[in-house]
Amino acid sequence: MSILITKDTTFIVQGITGREAVSLTRENLAYGAKIVGGVTPGRAGRDVYGVPVHDCVRDITAKTRVDGSVVCVPPRFTRDAVFEAIENGVRLIVVVTERIPRREVAQMVELANLRGARIIGPNCLGIISPGEAKMGGIGGPAEDTRKAYAKGPVGVMSRSGGMTTEIANTLTAAGLGQSTAVSIGGDAIIGSTYAELMPLYEADPETKAIAIYSEPGGRMEAELAEWVAEHRSRLPIVAFMAGRFMDEMPGMRFGHAGTIVEGKADTTTDKIERLRNAGISVAERIEEIPDLIRQRLAEAV
Amino acid sequence: MAGMFIDVKVDAKIASDPEAAKKLVEVCPVSIFAQENGGGLRIVAENLDECVLCDLCIEAVAKGGVEVIRLYDR
Amino acid sequence: MRFYEHESKALFARQGLPLGKSGLARSGDEARRIAAEIGAPVVLKSQVLSGGRMKAGAVKFADTPDAAAKAFDAILPIVVNGQRAESVLVEEKSPIAQEYYVGVTWDGRRKRPVLIFSDMGGIDIEEVAEQHPDHVSKTHVSTLLPFTPRLAKEAVGATGVTGPELNRLTPIAAALVEVFLRYDLTLAEINPLARLDDGRFVVLDGHVDMEAEAREIHRKLLEEIGIRPEETRQARPPTDFEIRGAQVDAADHRGVAGNVVEFDGNLGLVIGAGGGSLTLFDAVRQQGGRPANYCEIGGNPSVQKACELTKLVLSKPGVEKIAVMMNVVSNTRVDIVARGVVKGCVESGRDPAETIAIFRIPGSWEDEGFKILKKYGVEYCDRSVSMYEAAGKAVAKLSAGGTT
Ligand code: SF4
């Protein structure tokens, strides 16, 4: 199994005729995804690599089951596109677009909560269940994706899209495949945090361990640490924390929008301490992750 | 003039055919081709190194009409 | 993006929040004139993007216009947390009966704005929350439902405030929520909000942060307030090198070559993307290297853009070599970056083989990219070499050169 998506997941691409969307459509199809339609207003009747283009989400959901949507439209149209997907019954929405103001992200999340939908992102590369399907630009072209990702027991969550693939690649090279890897997004407010995805991994019998990539800024790691302590998670977690140099430079912005250090709880030092106190192993380097996971798995037996 | 990494050679017949020139201008995503007032083809030298090797120009005209050369391959 | 106090107050004024009479002075004479116009005792406050002004002595009181001019001269040179002021706010001084705190910020966990209110203002709100939790209320605000004042009333009432104070504080707290939502702020704070002896309420000090992503949406407002587009409002003002970095990024819309930050080392970095750059910068330092800069390339920049960034980094005095490194890439193309950095070296009059200490970008179009690097004699590595190891290789080459 996997979480969020399998090879049977049907999805659409909103903004399908845009430059980025065209390539992710081709890459996802080549990786086995079931893309049942695309949306670009005013472009109905065209097709992108055989995927029919429509004006509205409704035109697709009226005829076909649509489990998910990849939203890849410019920032000022993103909120509307996400609302359109949610109100037409789509339940899994991957928002690729970056530079969306926080208020609009909060609005999307609030509507998704009301309707029982889930948002991944914004500012993310999407989801991959290796050997099953992928949804979003994660991993790039299908042949590159196959080099970096392999099916296996490790769930991956990362605030950086690029580092999702770097970590998966390191795991794969060490013989540890992944159940599902999620690029959760680099913004200060995102649809699904580590702690919010944990129950899904927890319920997936194939996931045996978790690897996460994290950064300065925000309280997401604290939330994960609390969740793990409260729920006595069966899954060993290994975390990697980037941006340690930022602790010395509060108020400066490096990396993603979400990384700015606003208070003591945002620093990597504080986060590492919280994670460790919750029993989460913190790797000093990416290449230590596979060994740490093996160690933790061996301890668990 | 060639770029540092890429050169594009166009068959003389294609270069003087306004229809073919128009097509090449259309397909190239990095504007390596331009059309002269008279309709003939001009290569935009400063854009050559931006070539993304998509082969769209090669496919747009008769076989052998356009050649994209990777200068670092030699 | 942080606003100065006087800019924050200009924004508050638009929402009808109550403010004392004030003016911005850039010289002692201006301070004297403003104090005379106010015609009452004044307070002078250094305009810096940082807290701790009172402690640093950058806030002073003056009873007469002449005293105001003197206070101006005393305040202006004071450096507050590394920040030097260019102006001083001269404001009417009012007799205070009680101080309150009102703030709105994002709660990243609840993913909603939260209105924070306290009837113990004037001091650090975190401290109040710890020591007097019953005097601080936190009220979450919907971003979908229209905001109505009853939430503000509940926020105020939750700390035990009642009577005419409740009714006067409610619209103030509500107005602050509206400012916060309307202008895409990440923080809007009034501390303290004062109740004067005569019962009126006045915003004594306040500050706001606007989300960088929203600058474009509020361009007109920023223009009116006097915040120029090139002002980064980071914790320190941008250096010349950083401004040129922003220009390289803005000159070409294809991909990103941005967020250039200057450091004083000898190893130039051409690194990416968001998370990769953070990881690589740490790795270089852990390997004992001294980075000359931070930067983020990504989103598949053009050859031209990668080339210009390389030239910029190489132009920085003290840069001996550069390291070109990223995480495994899927969108950015290895061959395009390779062309850009090689070209950047050549156009800077440097030999790429000598100048590029290491090239570690595995991923899409890597075979094509490696061919280019081979041809120019540049040392590169594929995904079997970790980011940390690659950083080590780069650092080793610098030390081997006999420097540091
Ligand atoms: S290969 Fe593509 S980018 Fe290169 S010249 Fe031809 S059309 Fe332009």
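Lettering follows sequence order; numbering is per chain, from 1. Values below: all heavy atoms of this structure, side chains included; hydrogens, waters and symmetry mates excluded.
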Novice: Show your reasoning for whether side-chain contact (heavy atoms from CB on, under 4.5 Å) applies to Met163(A) and Val328(C).
Specialist: CA-CA 8 Å; Met163(A) 292 303 291; Val328(C) 179; over 6 Å; no
Novice: Between Thr143(C) and Gln107(A), is any side-chain donor less than 3.5 angstrom from a side-chain acceptor?
Specialist: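 Short answer, no.
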Novice: Under 4.5 Å, counting heavy-atom pairs only, tell me which of Ser142(C), Ala212(C), Ala214(C) racks up the most with chain A.
Specialist: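 Counting heavy-atom pairs under 4.5 Å, the top option is Ser142(C).
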Novice: Below 4.5 Å, heavy-atom pairs only: which of Lys111(C), Arg110(C), Glu366(C) has the largest tally toward chain A?
Specialist: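 Maximum pair count with chain A is reached by Lys111(C).
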Novice: Taking every non-hydrogen pair under 4.5 Å, which of Val105(A), Thr145(A), Ile190(A) racks up the most with chain C?
Specialist: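 Max contact count across the listed options: Ile190(A).
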Novice: Give the member of Arg103(A), Arg99(A), Glu110(A) that has the highest number of heavy-atom pairs under 4.5 Å with chain C.
Specialist: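 Heavy-atom pairs under 4.5 Å are most numerous for Glu110(A).
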Novice: Do you know which two heavy atoms are closest between Ala242(A) and Thr279(C), and how far apart they sit?
Specialist: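 So the minimum-distance heavy-atom pair works out to CB-OG1, 3.4 Å.
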Novice: So Phe263(C) and Phe245(A), would you call those rings parallel, tilted or perpendicular, with 30° and 60° as cut-offs?
Specialist: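 Perpendicular.
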Novice: Quick one, Glu215(A) with Leu278(C), criterion side-chain contact (heavy atoms from CB on, under 4.5 Å). Give me CA distance, side-chain angles, the key distance, then yes/no.
Specialist: CA-CA 8 Å; Glu215(A) 297 179 339; Leu278(C) 297 181; 3.8 Å; yes
Novice: Heavy-atom pairs under 4.5 Å with chain C - which of Glu27(A), Glu104(A), Glu196(A), Glu98(A) has more of them than the others?
Specialist: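 Of the options given, most contacts go to Glu196(A).
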Novice: Taking all heavy atoms of Gly276(C) and all of Ser160(A), pick out the closest pair and write down the distance.
Specialist: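 Result for this residue pair: N-OG, 4.5 Å.
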Novice: Please flag which part of Val329(C) lies under 4.5 Å from any non-hydrogen atom of chain A: side chain, backbone, both or neither.
Specialist: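 For Val329(C), no heavy atom lies under 4.5 Å from chain A.
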Novice: Supply the atom-to-atom distance Arg112(C) CZ to Asn113(A) CG, rounded to the nearest 0.5 angstrom.
Specialist: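 Spacing of CZ (Arg112(C)) from CG (Asn113(A)) equals 8.0 Å.
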Novice: Take Asp144(A) and Ser364(C), measure what side-chain contact (heavy atoms from CB on, under 4.5 Å) needs, and give me the verdict at the end.
Specialist: CA-CA 6 Å; Asp144(A) 289 319; Ser364(C) 92; 3.4 Å; yes
Novice: Run Arg109(C) and Met220(A) through side-chain contact (heavy atoms from CB on, under 4.5 Å) and show every step you take.
Specialist: CA-CA 7 Å; Arg109(C) 290 174 67 162; Met220(A) 229 180 284; over 6 Å; no
Novice: Under 6.0 Å from the CD atom of Glu126(C), do we count more than 12 heavy atoms belonging to anything else shown?
Specialist: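 12 or below, so no.
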Novice: Side chain from CB out, backbone as N, CA, C, O: work out which of these in Glu223(A) comes under 4.5 Å of a heavy atom of chain C, or both, or neither.
Specialist: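 Both parts, backbone and side chain.
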Novice: Relative to chain C, which of Gly243(A), Gly161(A), Gly140(A) shows the most heavy atom pairs under 4.5 Å?
Specialist: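 Looking at each option in turn, the highest pair count goes to Gly243(A).
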Novice: Which heavy atom in Gly139(A) sits nearest to a heavy atom in Ser330(C), and how many Å separate them?
Specialist: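 Shortest heavy-atom separation between Gly139(A) and Ser330(C) comes out as C-CB, 3.3 Å.
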Novice: Is any side-chain heavy atom of Asp184(C) less than 4.5 Å from a side-chain heavy atom of Pro101(A)?
Specialist: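 Contact flag for Asp184(C)/Pro101(A) side chains = yes.
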Novice: Got more than 12 heavy atoms from elsewhere within 6.0 Å of NE2, His253(C)?
Specialist: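 No - once you tally the heavy atoms of other residues, nucleotides and ligands closer than 6.0 Å, there are 12 at most.
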Novice: Do you know the tightest heavy-atom contact between Tyr213(A) and Gly275(C)?
Specialist: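 Scanning both residues, the minimum pair turns out to be OH-CA, 3.0 Å.
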Novice: Under a 4.5 Å cut-off applied to non-hydrogen side-chain atoms, are Arg219(A) and Asp107(C) in contact?
Specialist: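 Side chain of Arg219(A) against side chain of Asp107(C), heavy atoms only: no contact under 4.5 Å found.
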Novice: For Arg383(C), which atoms come within 4.5 Å of any heavy atom of chain A: side chain, backbone, both, or neither?
Specialist: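 Its backbone and side chain both get close to chain A.
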Novice: Applying a criterion of heavy atom separation less than 4.5 Å, what residues of residues 164-178 of chain A form contacts with chain C?
Specialist: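 At a heavy-atom separation under 4.5 Å, chain C is reached by Thr165(A), Glu166(A), Asn169(A).
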Novice: Leu181(C) versus chain A, heavy atoms under 4.5 Å apart: side chain, backbone, both or neither?
Specialist: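 For Leu181(C), backbone and side chain are both near chain A.
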Novice: Knowing that exactly one of Arg285(A), Glu284(A), Glu288(A) qualifies, which makes a side-chain contact (heavy atoms from CB on, under 4.5 Å) with Tyr388(C)?
Specialist: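 By the side-chain contact (heavy atoms from CB on, under 4.5 Å) criterion, Tyr388(C) pairs with just one of Arg285(A), Glu284(A), Glu288(A): Arg285(A).
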Novice: I'd like to check Leu144(C) versus Leu114(A) (side-chain heavy atoms, cut-off strictly below 4.5 Å). Are they in contact?
Specialist: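 Counting from C-beta outward, Leu144(C) and Leu114(A) do come under 4.5 Å.
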Novice: Once rounded to the nearest 0.5 Å, what's the spacing between atom CD of Glu213(C) and atom CD1 of Ile100(A)?
Specialist: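 If we round to the nearest 0.5 Å, Glu213(C):CD and Ile100(A):CD1 are 9.5 Å apart.
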